[in-house]
Every structure is written in structure tokens, then in C-alpha cells.
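What follows is a set of notes on a single structure, which appears directly below.
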Amino acid sequence: MISTYQLPAKDRVVSFVWQHFLLLISLYLMTLGVVLCIKSALGSSVISSLPLSLSIAGADGIVPPLSVGGYTIAMNFVLVFLQILVLRRRFEPVQLFQLLIGWVFGWLIDINMIVTSSLVCDTILSCAAAQFIGCTVMAVGIAFEVRCGSVTMPGEGLPVALSRVTGKPFPKLKIYVDTTLVVLAVISSYIFFGTWKWNIIGPGTLFAMIYVGLVVKFVVARISWFDRILHYRPDFRRYLFGLARYLRRP
């Protein structure tokens with residue numbers, strides 16, 4: 001297979017656009033899964049636990065009234081800032097692209113909150129179904145996002161930075177970072193509401209922490225077809241020419 005760097009400049013641009021179009025689809029699936037987990041009221045996913053707590057507190061006037069997506073964007077910016085503090089001169093400027101990815105991720109969460117606004121889970125069965133489907137969709141999105149090979153999400157970028165500095169394995173540090181986010185969400189619940197909020201951190205959160213990783217591992221081993229799509233280079237000029245001919249038909 002021809003390396004992307006061996007392609008002419010125009011083809012590299014097309015390849016870059018196509019890669020990040022597929023990344024956008026992956027992020028949409030991830031955020032749809034996140035929102036379904038929130039809708040289940042059985043406990044949000046790890047990445048949305050703290051933003052959800054802050055968003056609910058914001059609706060009560062305790063903190064600035066931002067959406068879940070808004071607080072997710074803010075949290076992603078903090079995670080990138082922590083990477084800069086950890087790596088210092090070893091921080092690569094290209095990793096600032098994580099800020100854009102983090103912003104898109106938060107924006108898509110809010111979009112999916114609107115899309116699923118009519119979804120109501122008022123029975124144990126419907127709540128469990130929303131949690132299960134949400135975790136599955138999120139895992140599929142993560143598997144695609146990993147295959148896209150772009151800049152990592154800030155939630156993965158921080159443990160990668162810590163791994164580079166400490167020499168400890170990424171999976172272990174990823175668990176540490178995720179656990180820290182969950183603990184902060186629990187602490188914020190007691191600070192803001194004086195009690196444990198099961199819709200923020202609940203059995204669904206624990207299920208997501210275990211199940212999502214298993215599904216990602218399963219899906220990644222079975223999506224070679226996605227690699228073929230990823231390395232496909234659309235001929236946009238041909239598509240536009242065909243569209244123009246179609247529109248000119250009497």
C-alpha cells in the first residue's frame with residue numbers, strides 16, 4: 001500500500017479530509033452512546049460523569065449553567081492543559097488538535113441530547129436497554145475512532161503523556177485517569193447535592209467501564225473492512241461532475 005506521505009499534495013489533502021470525515025462519524029457514534037447512557041439514568045459513562053454532575057448543578061444555579069457538552073469541552077481543554085504541564089518541551093504542537101476534537105465531541109453530545117430529547121426511560125427494562133445499547137454504540141464508535149489513526153481524544157491523551165513520562169503502561173494509567181474522573185464526579189455530587197447521585201455514577205457506570213472495553217477489543221479485531229474504507233480515496237471531482245450532469249438533465 002502506498003504511504004500517504006508518498007502521494008501528491010492534492011491527494012494528501014483528499015486523504016486527510018476523508019480520514020477526518022470518518023473520524024467525525026466515529027465521534028458521532030461515541031457521543032450518541034454517551035447520551036443514551038445518560039438517558040438510561042443508571043449511571044453515565046466515565047467521560048461524561050463529571051460534566052453531567054456540573055451540568056445538573058448548573059441547572060440548579062450552583063455553578064455556571066452550561067450543557068453537558070459545554071462542560072465536556074471545558075474538561076477536554078483541562079486535560080490537554082495537563083498534558084502540556086506533564087510533557088513540557090516534549091509536548092508536540094500537533095497534539096493541540098485535540099482541542100478541536102474535544103470541542104467537536106462536546107458539540108456532538110449536545111446535538112445528540114437534542115436528537116434524543118423525546119426518549120424517556122421510565123421502566124427498569126427501558127433503562128437497561130438504553131444503557132446496553134448506549135455502551136455498545138459507544139464501543140463501536142471508539143473502535144472506529146482508534147482505526148482512523150488521527151490525534152487521540154484528550155481522555156486518552158493524558159494517560160499517554162503520563163506513560164511517556166513515568167514509563168508505566170498506558171492501560172494502567174488509563175484506569176487511574178478514568179477512576180479519578182469517577183471519584184471527582186462522586187465528590188462533586190456530595191458538594192453540590194449533598195448525596196450520591198445514582199443517575200450520574202451508578203451501576204451503569206461500572207457496567208460501561210467493563211463492557212465497553214470488551215466490545216472495543218471484539219470489534220477492532222473484526223473491522224478490516226473499515227480499513228479498506230479508510231484508505232479509499234474519493235474522487236470528488238468525478239462525483240461533482242456526475243452530479244452536475246444529473247442536474248442538467250431535462
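Residue numbers start at 1 and run along the sequence shown.
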Chi angles and distances behind the side chain to side chain donor-acceptor pair (under 3.5 Å) call for T136, Y211: CA-CA 8 Å; T136 303; Y211 175 74; 2.8 Å; yes

Working for side-chain contact (heavy atoms from CB on, under 4.5 Å), residues W196 and V186: CA-CA 7 Å; W196 186 299; V186 172; 3.9 Å; yes

side-chain contact (heavy atoms from CB on, under 4.5 Å) between H20 and F97, worked out: CA-CA 12 Å; H20 288 83; F97 190 57; 3.6 Å; yes

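The backbone N or O of A185 lies less than 3.5 Å from a partner atom in the side chain of S188, making a donor-acceptor pair. The main-chain N or O of G69 is found under 3.5 Å from a side-chain atom of D110 such that the two form a donor-acceptor pair. No donor-acceptor pair closer than 3.5 Å links the side chain of T116 to the backbone N or O of L119. Of the possible donor and acceptor atoms, one in the side chain of Q131 sits under 3.5 Å from a partner among the backbone N and O of G204. Checking side-chain atoms of S163 against main-chain N and O of K168 turns up a donor-acceptor pair under 3.5 Å.
For R222 and F218, the positive end sits near the middle of the six-membered ring, less than 6.0 Å away and at most 45° from its axis.
Annotation: the span from I223 atom CD1 to W225 atom CH2 amounts to 6.5 Å, rounded to 0.5 Å. Atoms CG and CG, on L158 and L87 in that order, are 9.0 Å from each other to the nearest 0.5 Å. Atom CZ of residue F77 and atom CG of residue L99 lie 5.0 Å apart, to the nearest 0.5 angstrom. Taking OG of S48 as the reference point, atom CE of M138 lies at 7.5 Å (rounded to 0.5 Å). Remark: F105 CZ to N76 CG distance equals 7.0 Å, nearest 0.5 Å. The distance from atom OH of Y71 to atom CG of L66, rounded to the nearest 0.5 Å, is 4.5 Å.
In terms of heavy atoms, Q98 sits closest to G157 at OE1-CA, 4.0 Å. Nearest heavy atoms, I200 versus S53: CD1-CA, 3.6 Å. The two residues S26 and C148 make their nearest non-hydrogen contact at OG-SG, 3.9 Å. Nearest heavy atoms, V212 versus A139: O-CB, 3.7 Å. For L54 against V63, the heavy-atom pair with the smallest separation is O-CG2, 3.3 Å.
The environment of I124 atom CD1 is sparse: at most 12 non-hydrogen atoms of other residues, nucleotides or ligands sit within 6.0 angstrom.
Ring-centre distance between F193 and W198: not below the 6.0 Å cut-off.
Ring geometry, F207 versus F132: the interplanar angle falls from 30° to 60°, so the pair is classed tilted.
Among residue pairs with one or both ends in residues 140-167, those qualifying as salt bridge (Lys or Arg N to Asp or Glu O under 4.0 Å) are R147-D227, E156-K174; sequence neighbours excluded.
Looking at L82 and L162, their side chains never come closer than 4.5 Å, going by heavy atoms from C-beta outward. The shortest distance between side-chain heavy atoms of I47 and M75 falls below 4.5 Å. At least one side-chain heavy atom of F91 sits under 4.5 Å from a side-chain heavy atom of L96.
Screening V183, L184, V177 for a side chain to side chain contact (heavy atoms under 4.5 Å, CB included) involving T180 leaves a single residue, L184.
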